[in-house]
Number of protein chains: 2
Amino acid sequence: MESAQLAKIFKALGHPTRIRIVQHLIEIDTCICGEIVGIFPYSQSTISQHLKILKESGIVCGEVEGPKTYFCVDKAVLKRLKQFVNAL
Amino acid sequence: MESAQLAKIFKALGHPTRIRIVQHLIEIDTCICGEIVGIFPYSQSTISQHLKILKESGIVCGEVEGPKTYFCVDKAVLKRLKQFVNAL
DNA sequence: ACATGTCATCGTTAAATGCCGATTAACGAT
DNA sequence: ATCGTTAATCGGCATTTAACGATGACATGT
(Lines give C-alpha, C1' and ligand atoms only; values in the text may rest on other atoms or scores of the structure.)
Protein backbone atom coordinates (compact mmCIF):
# COMPACT_ATOMS: atom_id res chain seq x y z
CA MET A 1 0.00 0.00 0.00
CA GLU A 2 1.31 3.43 -0.83
CA SER A 3 1.45 6.26 1.64
CA ALA A 4 -1.28 8.26 -0.08
CA GLN A 5 -3.90 5.55 0.40
CA LEU A 6 -2.67 4.80 3.89
CA ALA A 7 -2.76 8.46 4.78
CA LYS A 8 -6.40 8.52 3.73
CA ILE A 9 -7.21 5.68 6.11
CA PHE A 10 -5.24 7.25 8.95
CA LYS A 11 -6.89 10.57 8.27
CA ALA A 12 -10.29 8.91 8.38
CA LEU A 13 -9.40 7.41 11.74
CA GLY A 14 -8.01 10.76 12.88
CA HIS A 15 -11.25 11.78 14.55
CA PRO A 16 -12.52 10.40 17.88
CA THR A 17 -16.05 9.93 16.60
CA ARG A 18 -14.90 8.02 13.54
CA ILE A 19 -12.67 5.76 15.62
CA ARG A 20 -15.63 4.92 17.81
CA ILE A 21 -17.84 4.33 14.81
CA VAL A 22 -15.33 1.83 13.47
CA GLN A 23 -15.03 0.16 16.87
CA HIS A 24 -18.79 -0.11 17.05
CA LEU A 25 -19.03 -1.53 13.55
CA ILE A 26 -16.48 -4.19 14.44
CA GLU A 27 -18.41 -5.15 17.56
CA ILE A 28 -21.81 -5.18 15.90
CA ASP A 29 -20.52 -6.51 12.57
CA THR A 30 -23.04 -4.48 10.61
CA CYS A 31 -25.57 -1.76 11.27
CA ILE A 32 -27.49 1.07 9.69
CA CYS A 33 -26.74 4.77 9.85
CA GLY A 34 -29.69 5.54 12.09
CA GLU A 35 -28.41 3.29 14.82
CA ILE A 36 -25.10 5.10 14.87
CA VAL A 37 -26.88 8.43 14.95
CA GLY A 38 -28.61 7.25 18.11
CA ILE A 39 -25.31 6.60 19.84
CA PHE A 40 -23.57 9.90 19.28
CA PRO A 41 -24.63 13.43 20.16
CA TYR A 42 -24.45 14.58 16.56
CA SER A 43 -27.00 15.17 13.88
CA GLN A 44 -27.88 12.67 11.19
CA SER A 45 -26.13 14.73 8.55
CA THR A 46 -22.93 14.87 10.56
CA ILE A 47 -22.86 11.11 11.13
CA SER A 48 -23.64 10.52 7.48
CA GLN A 49 -20.70 12.73 6.60
CA HIS A 50 -18.40 10.79 8.91
CA LEU A 51 -19.56 7.54 7.33
CA LYS A 52 -18.87 8.98 3.91
CA ILE A 53 -15.30 9.81 4.90
CA LEU A 54 -14.80 6.33 6.32
CA LYS A 55 -16.25 4.83 3.15
CA GLU A 56 -14.05 6.94 0.89
CA SER A 57 -10.96 5.82 2.78
CA GLY A 58 -11.93 2.22 2.12
CA ILE A 59 -11.98 1.06 5.72
CA VAL A 60 -15.78 0.93 5.78
CA CYS A 61 -18.24 -0.16 3.13
CA GLY A 62 -21.96 0.43 2.89
CA GLU A 63 -24.60 -1.65 1.20
CA VAL A 64 -27.89 -0.08 0.24
CA GLU A 65 -30.84 -2.27 1.10
CA GLY A 66 -34.10 -0.54 0.38
CA PRO A 67 -34.26 2.74 2.26
CA LYS A 68 -31.55 1.61 4.66
CA THR A 69 -27.81 1.39 4.23
CA TYR A 70 -25.91 -1.29 6.07
CA PHE A 71 -22.39 -0.34 7.02
CA CYS A 72 -19.58 -2.65 7.93
CA VAL A 73 -15.81 -2.66 8.19
CA ASP A 74 -13.93 -3.95 5.17
CA LYS A 75 -11.94 -6.74 6.75
CA ALA A 76 -9.47 -6.97 3.89
CA VAL A 77 -8.57 -3.32 4.21
CA LEU A 78 -8.36 -3.64 7.98
CA LYS A 79 -6.01 -6.55 7.54
CA ARG A 80 -3.79 -4.53 5.22
CA LEU A 81 -3.80 -1.68 7.72
CA LYS A 82 -2.70 -4.05 10.46
CA GLN A 83 0.06 -5.40 8.26
CA PHE A 84 1.32 -1.93 7.56
CA VAL A 85 1.29 -0.80 11.17
CA ASN A 86 2.98 -4.00 12.32
CA ALA A 87 5.69 -3.50 9.73
CA LEU A 88 6.60 -0.12 11.20
CA MET B 1 -5.50 4.42 25.26
CA GLU B 2 -8.56 6.55 24.74
CA SER B 3 -9.89 7.49 21.34
CA ALA B 4 -8.94 11.15 21.70
CA GLN B 5 -5.22 10.39 22.06
CA LEU B 6 -5.39 7.71 19.41
CA ALA B 7 -7.18 10.05 17.05
CA LYS B 8 -4.34 12.50 17.50
CA ILE B 9 -1.82 9.88 16.42
CA PHE B 10 -3.94 8.76 13.49
CA LYS B 11 -4.44 12.35 12.50
CA ALA B 12 -0.71 12.93 12.63
CA LEU B 13 -0.22 9.94 10.35
CA GLY B 14 -3.01 11.17 8.10
CA HIS B 15 -0.67 12.94 5.73
CA PRO B 16 1.55 11.20 3.15
CA THR B 17 4.59 13.28 4.02
CA ARG B 18 4.26 12.57 7.72
CA ILE B 19 3.89 8.85 7.11
CA ARG B 20 7.09 8.90 5.10
CA ILE B 21 8.87 10.94 7.73
CA VAL B 22 7.96 8.32 10.33
CA GLN B 23 9.04 5.51 8.02
CA HIS B 24 12.34 7.26 7.45
CA LEU B 25 12.86 7.83 11.16
CA ILE B 26 12.29 4.15 11.82
CA GLU B 27 14.80 3.15 9.15
CA ILE B 28 17.44 5.68 10.19
CA ASP B 29 16.67 5.42 13.91
CA THR B 30 17.43 9.08 14.47
CA CYS B 31 18.14 12.14 12.37
CA ILE B 32 18.04 15.90 12.36
CA CYS B 33 15.44 18.13 10.76
CA GLY B 34 17.75 19.33 8.03
CA GLU B 35 18.25 15.84 6.70
CA ILE B 36 14.52 15.36 6.34
CA VAL B 37 14.21 18.71 4.62
CA GLY B 38 16.70 17.43 2.05
CA ILE B 39 14.52 14.46 1.22
CA PHE B 40 11.20 16.16 0.59
CA PRO B 41 10.27 18.93 -1.86
CA TYR B 42 9.06 21.19 0.91
CA SER B 43 10.51 24.14 2.70
CA GLN B 44 12.29 23.93 6.02
CA SER B 45 9.39 25.60 7.80
CA THR B 46 6.88 23.14 6.38
CA ILE B 47 8.92 20.11 7.46
CA SER B 48 9.45 21.67 10.87
CA GLN B 49 5.70 22.08 11.16
CA HIS B 50 5.11 18.43 10.21
CA LEU B 51 7.64 17.36 12.83
CA LYS B 52 5.87 19.49 15.40
CA ILE B 53 2.55 17.78 14.66
CA LEU B 54 4.19 14.36 14.91
CA LYS B 55 5.81 15.37 18.19
CA GLU B 56 2.56 16.69 19.64
CA SER B 57 0.84 13.42 18.83
CA GLY B 58 3.51 11.59 20.81
CA ILE B 59 4.62 9.25 18.06
CA VAL B 60 7.86 11.18 17.54
CA CYS B 61 10.16 12.81 20.02
CA GLY B 62 12.91 15.36 19.48
CA GLU B 63 16.03 15.98 21.48
CA VAL B 64 17.81 19.28 21.23
CA GLU B 65 21.56 18.89 20.99
CA GLY B 66 23.24 22.22 20.50
CA PRO B 67 21.87 23.89 17.41
CA LYS B 68 20.50 20.61 16.06
CA THR B 69 17.43 18.64 17.03
CA TYR B 70 17.52 14.89 16.80
CA PHE B 71 14.20 13.28 16.03
CA CYS B 72 13.21 9.68 16.59
CA VAL B 73 10.12 7.55 16.88
CA ASP B 74 8.88 6.87 20.39
CA LYS B 75 8.95 3.09 20.42
CA ALA B 76 6.65 2.81 23.42
CA VAL B 77 3.96 4.87 21.72
CA LEU B 78 4.44 2.93 18.51
CA LYS B 79 3.97 -0.28 20.44
CA ARG B 80 0.74 0.98 21.96
CA LEU B 81 -0.45 2.01 18.53
CA LYS B 82 0.25 -1.48 17.21
CA GLN B 83 -1.59 -3.02 20.14
CA PHE B 84 -4.62 -0.87 19.49
CA VAL B 85 -4.73 -1.57 15.76
CA ASN B 86 -4.26 -5.28 16.28
CA ALA B 87 -7.12 -5.30 18.75
CA LEU B 88 -9.50 -3.94 16.13
C1' DA C 1 32.55 40.08 18.45
C1' DC C 2 30.72 38.22 14.46
C1' DA C 3 29.27 35.28 10.98
C1' DT C 4 27.26 30.68 10.07
C1' DG C 5 24.39 26.80 10.53
C1' DT C 6 20.26 24.89 12.49
C1' DC C 7 15.74 25.01 13.75
C1' DA C 8 11.27 27.09 15.61
C1' DT C 9 7.86 30.45 15.14
C1' DC C 10 5.08 34.20 13.03
C1' DG C 11 1.97 36.04 9.57
C1' DT C 12 -0.39 35.07 5.51
C1' DT C 13 -3.11 32.68 2.06
C1' DA C 14 -6.03 29.12 -0.02
C1' DA C 15 -8.21 25.03 0.81
C1' DA C 16 -10.27 21.58 3.71
C1' DT C 17 -12.88 20.18 7.90
C1' DG C 18 -16.67 19.74 11.25
C1' DC C 19 -20.91 20.81 12.37
C1' DC C 20 -25.70 22.16 11.58
C1' DG C 21 -30.53 22.62 9.59
C1' DA C 22 -33.01 22.07 5.44
C1' DT C 23 -33.81 19.72 1.39
C1' DT C 24 -33.96 15.86 -1.68
C1' DA C 25 -34.26 11.00 -3.03
C1' DA C 26 -35.72 6.52 -2.63
C1' DC C 27 -38.00 2.82 -0.67
C1' DG C 28 -42.01 0.37 1.75
C1' DA C 29 -46.48 0.31 3.66
C1' DT C 30 -51.16 1.93 3.78
C1' DA D 1 -51.17 8.24 -4.55
C1' DT D 2 -49.69 9.53 -0.30
C1' DC D 3 -47.24 9.08 3.92
C1' DG D 4 -43.46 7.82 7.06
C1' DT D 5 -38.75 6.19 7.36
C1' DT D 6 -34.07 6.35 6.11
C1' DA D 7 -30.13 8.39 4.49
C1' DA D 8 -27.50 11.34 1.24
C1' DT D 9 -26.60 15.94 -0.18
C1' DC D 10 -26.66 21.06 -0.20
C1' DG D 11 -25.54 25.66 1.64
C1' DG D 12 -23.57 27.99 5.24
C1' DC D 13 -20.60 29.05 9.04
C1' DA D 14 -16.48 29.07 12.02
C1' DT D 15 -12.33 26.69 12.62
C1' DT D 16 -8.32 24.21 11.19
C1' DT D 17 -4.84 22.78 7.93
C1' DA D 18 -0.96 22.97 4.66
C1' DA D 19 2.07 25.51 2.50
C1' DC D 20 5.23 29.49 2.02
C1' DG D 21 8.71 33.27 3.05
C1' DA D 22 10.52 36.03 6.62
C1' DT D 23 12.08 36.57 11.00
C1' DG D 24 13.94 35.19 15.45
C1' DA D 25 16.67 32.29 18.76
C1' DC D 26 20.59 29.92 19.90
C1' DA D 27 24.86 27.31 19.69
C1' DT D 28 29.31 26.86 17.37
C1' DG D 29 33.47 28.22 14.68
C1' DT D 30 36.57 31.89 13.25
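Within every chain, numbering begins at 1; the chains are lettered A, B, ... in the order of the sequence lines, protein sequences first and strands thereafter.
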(request) Please report the C-alpha distance between V22(A) and R18(A) in whole Å, then the side-chain angles of each, then the deciding distance to 0.1 Å, and finally whether the side chain to side chain contact (heavy atoms under 4.5 Å, CB included) criterion is met. (result) CA-CA 6 Å; V22(A) 168; R18(A) 291 197 289 265; 5.7 Å; no
(request) Kindly determine whether T46(B) and T17(B) satisfy side chain to side chain contact (heavy atoms under 4.5 Å, CB included), including the steps that lead there. (result) CA-CA 10 Å; T46(B) 298; T17(B) 301; over 6 Å; no
(message) Between D74(A) and C61(A), is the side chain to side chain contact (heavy atoms under 4.5 Å, CB included) condition met? List the steps.
(response) CA-CA 6 Å; D74(A) 188 322; C61(A) 42; 4.2 Å; yes
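Nucleotides of DNA chain C nearest to T69(B) and E65(A) differ in position, and the one nearer the 5' end is that of T69(B).
Using Watson-Crick or G-U wobble geometry with both donor-acceptor distances under 3.5 Å, dA29(C) finds its partner in dT2(D).
Among the atoms of the strands shown, none is found under 4.0 Å from any heavy atom of L51(A). Contact annotation for F71(B): backbone-only contact, meaning every heavy-atom pair under 4.0 Å involves sugar-phosphate atoms and none involves a base.
Taking F71(B) as the reference, nothing meets the ring-ring contact (aromatic ring centres under 6.0 Å, His included) condition, with sequence neighbours excluded.
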(request) Go along nucleotides 17-23 of chain D 5' to 3' and tag each nucleotide: B for a protein heavy atom under 4.0 Å from its base, S when only backbone or sugar atoms are that close, - otherwise. (result) SSSBBB-
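In this structure, I32(B) atom CD1 and dT28(D) atom C1' are separated by 14 Å, rounded to whole Å. Rounded to whole Å, atom P of dC19(C) lies 15 Å from atom NZ of K52(A). The separation between K68(B) atom NZ and dG29(D) atom C1' is 13 Å, rounded to whole Å.
The aromatic rings of H15(B) and H50(B) lie tilted to each other, with the angle between the two planes from 30° to 60°.
The hydrophobic cluster containing I28(B) does not contain V60(B), counting ILVMFWY residues as joined when their side-chain heavy atoms lie under 4.5 angstrom apart, directly or transitively.
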